[in-house]
Protein chains: 2
Amino acid sequence: MKQLTDKQKAIFDSTLMLIREHGFHGTTMSQVAKKAGVAAGTIYHYFESKDKLISELYNYNRNLTIEVIDNSLSEKHSFKENFYHLWEALHQFYIDNTQILIFFEQYVNSPYKADKNNAYSHSRLLSFFEEGIKNGYLKKVSPKLAMVLTVSNIAIAAKMHKFGNPEAGSTSMEQMRDIFWDGIAV
Amino acid sequence: MKQLTDKQKAIFDSTLMLIREHGFHGTTMSQVAKKAGVAAGTIYHYFESKDKLISELYNYNRNLTIEVIDNSLSEKHSFKENFYHLWEALHQFYIDNTQILIFFEQYVNSPYKADKNNAYSHSRLLSFFEEGIKNGYLKKVSPKLAMVLTVSNIAIAAKMHKFGNPEAGSTSMEQMRDIFWDGIAV
DNA sequence: ACCGCTTGAATGAACGTTCAATCGTTTTGC
DNA sequence: GCAAAACGATTGAACGTTCATTCAAGCGGT
C-alpha cells in the first residue's frame with residue numbers, strides 16, 4: 001500500500017468527512033482545504049483535479065478494505081470459520097469507518113465510476129468463494145454471486161447497526177450473519 | 001396518487017434519466033429543461049427550486065414503488081406465496097425502472113434526505129412481515145429487520161441481473177430469492 | 001542561491017434562479 | 001356573437017453567486 005504524506009492524508013480524511021456530510025455536490029475544494037488545514041492551491045499540488053482527488057480517494061479506501069478482507073481469511077481455519085471471520089472483520093470495519101461505506105455507495109452509483117462491477121473483485125476473496133462452492137460448503141451458485149451477496153449484506157448489516165432505529169431491537173451482527181449463512185450454505 | 005401534468009411528467013422523467021447518467025451534481029437545470037423540452041423558467045413554475053424538484057421526484061417514485069409492493073400482496077394467498085409475489089413484482093419493477101433504483105440509492109446517501117430510515121416503512125409491508133414472524137413462517141427477528149433485508153436483497157438481485165457480467169452465469173431471480181428465503185424462513 | 005512546497009487572491013466558467021415580455025386560452029361586457 | 005381584457009403558462013436572456021482552478025509571490029530548508 002502506497003504511503004501517504006501527512007498533507008495527503010489530511011486531504012483524504014477531510015474529503016471523506018465532507019462527502020459524508022454534504023455529498024459529492026456540496027463538497028467544495030475550499031471546504032476540503034479549510035478542513036485539512038491547507039490552502040486551496042496545495043490540494044492541486046497533490047491531486048490534479050477534484051475528479052482525480054475523488055477517484056484516488058476511492059482507490060485508497062478500496063485497497064484499505066481489501067486489506068481488511070484479506071487479513072480476515074486464513075488457511076488455518078475451516079471454511080465456515082473463515083466466513084464468520086470475514087463477516088466480523090468487514091462488519092466492524094464498516095462500523096468504525098461508516099464514512100467509507102457511505103462514500104462507496106455514492107461512488108458506485110456515480111458517473112466517476114465507469115465499471116460498476118469489480119468493486120470487490122480481487123482474486124483472494126473470489127477464490128475463497130470458489131473453494132467454498134467446489135468443496136460443497138455453499139450452494140452451487142456463481143462464486144461472483146456469492147461474493148457480491150456476502151459483501152452487500154455485510155454492508156446492509158453495518159448500516160442497520162449504525163443507523164437502525166431502536167424498534168429494530170436487539171439486531172445483532174451474529175443474527176444477520178446467521179440469516180445470510182443459512183441462506184447461502186448447503 | 002396525485003396526477004401529474006404532461007410538463008411535470010416530462011421534467012420528472014428527464015431529471016431521473018440525467019441523474020442516472022450524471023449524478024445529482026452534473027445534472028443541471030438547463031440540461032433538465034432541454035431534455036424535457038421546456039424552458040429553464042418553466043421548471044420553476046412547477047418546482048420552487050432544484051432541491052424541491054429532487055425531493056418531490058423522490059416522493060413520487062417512492063409512492064410508485066409502494067404501490068407495486070402493495071399490489072403484490074393479497075390476503076388470498078399463503079405467506080410464502082405472498083413473499084414470492086413480492087419478490088417477483090419488486091424485482092421486475094426495478095429491472096424495468098433501473099433509473100429509479102439508482103436514484104433511490106443516491107438519494108438515501110445524500111444530504112437531501114434527513115431521515116434515512118423510513119424509505120420503505122409503510123404500514124402494509126411492515127405488517128406483512130409482522131404476521132409472518134408471529135405465525136412462525138419467519139425466524140424470530142425484528143419485523144423491520146426482515147423488511148429491510150428483503151427489500152435490500154431484491155435491489156441487489158435486480159442490480160446483478162441488470163449489470164451483472166456474463167461470468168456470473170445463469171443468475172436467476174429465483175435463485176437469489178430462494179437463497180434469501182432459506183435464510184429468513186424457519 | 002536554489003528548489004520544492006505552500007499560499008490565497010484572482011480568474012473565468014458554470015450554475016441556479018429571476019423576471020419582463022410573450023403567448024394562448026378563457027372570461028367578461030356589451 | 002364578438003372584441004377586449006384578464007389570466008396563467010411559457011420563454012430565455014440576464015443576473016449574481018459560487019465554484020474549480022491558476023499562478024505569481026513567499027517561505028524554509030539545504
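Letters A, B, ... are given to chains in the order of the sequence lines, protein chains preceding strands, and every chain is numbered from 1.
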(message) Whole angstroms only, please: what is the CZ-C1' distance between B:Phe24 and C:dG16?
(response) 16 Å
(message) Using heavy-atom distances to pick each residue's nearest nucleotide on DNA chain D, tell me which of A:Thr42 and A:Thr28 is more 5'.
(response) A:Thr28
(message) One thing to verify: whether B:Arg177 and B:Glu174 come together as a salt bridge, which I'm taking to mean a side-chain N less than 4.0 angstrom from a carboxylate O.
(response) no
(message) Need to verify one output field. Residue with the more 5' nearest nucleotide on DNA chain C, B:Gly41 or B:Lys50?
(response) B:Lys50
(request) Specify the separation, in whole Å, of atom NZ of B:Lys34 and atom P of D:dT11. (result) 15 Å
(message) Rounding to an integer number of Å, can you tell me how far B:His25 NE2 sits from D:dA20 C1'?
(response) 13 Å
(message) Strictly below 4.0 Å, N to O, side chains only: are A:Asp182 and B:Lys139 in salt-bridge contact?
(response) yes
(request) Answer yes or no: is there an ion pair linking B:Glu81 with B:Lys76, defined by an N-O contact shorter than 4.0 Å? (result) no
(request) Would you kindly give the CG-to-P distance between B:Asp51 and C:dT17, to the nearest whole Å? (result) 7 Å
(request) Looking at every strand, decide which applies to A:Thr5 at a 4.0 Å heavy-atom threshold: base, sugar-phosphate, or nothing. (result) nothing
(request) Provide, to the nearest angstrom, the distance between the CG atom belonging to A:Leu18 and the P atom belonging to D:dA20. (result) 11 Å
(request) Over all heavy atoms of both residues, which pair between B:Val38 and B:Ile43 is shortest? Give the atoms and the distance, please. (result) CG2-CG1, 4.3 Å
(request) Round to the nearest Å and state the distance from A:Tyr44 atom OH to C:dC5 atom P. (result) 18 Å
(request) Take atom CE of B:Met29 and atom P of D:dA13, then tell me their distance rounded to the nearest Å. (result) 17 Å
(request) May I ask you to verify if any side-chain N or O of A:Tyr46 is less than 4.0 angstrom from the OP1 or OP2 atom of C:dT6? (result) yes
(request) Take atom CD1 of A:Ile43 and atom P of C:dG8, then tell me their distance rounded to the nearest Å. (result) 13 Å
(message) Starting the side chain at C-beta, find the nucleotide from C:dG8, D:dT10, C:dG16 nearest to A:Ala40.
(response) C:dG8
(message) For A:Phe79 and A:Phe128, I'd like to know if the aromatic rings sit close, meaning centre-to-centre distance below 6.0 Å.
(response) yes
(message) D:dT10, OP1 or OP2 - any side-chain N/O from B:His45 closer than 4.0 Å?
(response) no
